[in-house]
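Structure record follows, encoded as structure tokens.
Just so you know, these numbers come straight off a predicted model, no measurement behind them.
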Amino acid sequence: MCFTSEYYSLTGEKPTRSVLEEVIDGLPMSAAYVIQNSLSLTEQETGRLLGIPLSFSKCQSGKLSPCSSDKALLIMRVIQSGKEVFKNEVHLHNWIRYPNLTLSNKPPFELLHFTIGIEMVLDSLFRQHYSFVA
């Protein structure tokens with residue numbers, strides 16, 4: 001799990017150092033917009049999801065915190081897996097919003113706020129991709 005493809009998807013660049021070092025320094029704020037656009041989220045939803053100010057477009061630093069950067073990479077892994085499973089962004093957007101029986105009847109989006117929830121969502125996508133119950 002080196003997260004190189006997730007980093008590239010979020011930044012449009014290959015990491016010049018280890019992804020861990022990039023996370024410690026903070027990913028660019030533009031990574032938040034990539035997640036927002038990839039999941040059709042509002043700015044408020046994206047802000048709550050990543051733990052950044054609700055109007056992050058006004059953030060002065062231009063970088064996410066290390067914790068927000070870490071979460072952004074994990075969420076990008078969900079997005080990439082979802083695109084692979086559904087082959088269609090509209091289906092991914094619908095799936096992420098509707099309750100899922102394998103996720104305690106919660107929408108996957110609600111679980112993306114927690115690392116354990118992200119793992120559960122990834123597991124559900126894996127099961128669906130390989131035709132297990134999901």
Side-chain angles (χ1 to χ4, degrees):
M1 285 203 211
C2 65
F3 290 96
T4 304
S5 70
E6 291 85 351
Y7 179 89
Y8 183 81
S9 294
L10 288 170
T11 65
E13 301 173 355
K14 292 182 180 179
T16 56
R17 307 174 289 164
S18 75
V19 174
L20 178 59
E21 289 175 294
E22 299 285 353
V23 166
I24 290 168
D25 284 347
L27 297 180
M29 189 61 71
S30 60
Y33 289 107
V34 172
I35 289 172
Q36 180 179 346
N37 294 332
S38 295
L39 293 177
S40 291
L41 304 177
T42 66
E43 191 169 286
Q44 291 76 23
E45 288 173 322
T46 307
R48 282 193 302 272
L49 188 62
L50 295 176
I52 56 178
L54 292 181
S55 62
F56 58 87
S57 59
K58 297 177 184 161
C59 274
Q60 300 299 317
S61 74
K63 288 196 170 202
L64 296 171
S65 71
C67 286
S68 296
S69 298
D70 181 59
K71 187 177 264 189
L73 287 168
L74 290 169
I75 292 169
M76 182 49 67
R77 180 160 284 172
V78 169
I79 293 165
Q80 289 177 339
S81 296
K83 286 179 178 179
E84 186 177 328
V85 169
F86 296 111
K87 311 279 189 242
N88 180 320
E89 283 191 30
V90 173
H91 290 171
L92 172 60
H93 297 166
N94 290 335
W95 181 82
I96 210 90
R97 296 278 186 183
Y98 289 99
N100 185 307
L101 289 174
T102 65
L103 300 172
S104 302
N105 213 29
K106 295 192 180 309
F109 175 74
E110 286 183 19
L111 301 178
L112 296 180
H113 292 81
F114 310 98
T115 304
I116 192 169
I118 291 170
E119 290 297 325
M120 292 170 67
V121 171
L122 286 168
D123 182 62
S124 180
L125 286 167
F126 176 83
R127 289 170 175 273
Q128 188 157 347
H129 186 70
Y130 292 101
S131 300
F132 297 116
V133 175

For the residue pair [X] and [Y], establish whether any side-chain heavy-atom pair is separated by less than 4.5 Å.
X: Ile96; Y: Leu112; answer: yes
X: Glu45; Y: Leu39; answer: no
X: Leu74; Y: Phe3; answer: yes
X: Val23; Y: Tyr7; answer: no
X: Lys63; Y: Leu27; answer: no
X: Thr4; Y: Pro15; answer: yes
X: Leu122; Y: Arg77; answer: yes

Qualifying residues under side chain to side chain contact (heavy atoms under 4.5 Å, CB included), relative to Glu21, sequence neighbours excluded: Arg17, Ser18
Side chain to side chain contact (heavy atoms under 4.5 Å, CB included) against Val34, all qualifying residues, sequence neighbours excluded: Leu10, Ser38, Met76
Please name the pair of heavy atoms, one in [X] and one in [Y], separated by the smallest distance, quoted to 0.1 Å.
X: Leu92; Y: Gly82; result: CD1-CA, 3.8 Å
X: Gly26; Y: Ser69; result: CA-OG, 3.4 Å
X: Gln80; Y: Ser9; result: NE2-OG, 2.7 Å

Straight-line distance of Ser104 OG to Glu110 CD, nearest 0.5 Å: 11.0 Å
Atom pair CG/CD1 of Leu73 and Ile118 - distance to nearest 0.5 Å: 10.5 Å
Verdict with supporting geometry, Met29 and Ile52, side chain to side chain contact (heavy atoms under 4.5 Å, CB included): CA-CA 10 Å; Met29 189 61 71; Ile52 56 178; 4.1 Å; yes
Main-chain N/O of Glu13 paired with Thr11 side-chain donor or acceptor, under 3.5 Å: yes
Exceeds 12 heavy-atom contacts within 6.0 angstrom, atom NZ of Lys87: yes
Whether His91 and Phe86 hold their rings parallel, tilted or perpendicular, with breakpoints at 30° and 60°: perpendicular
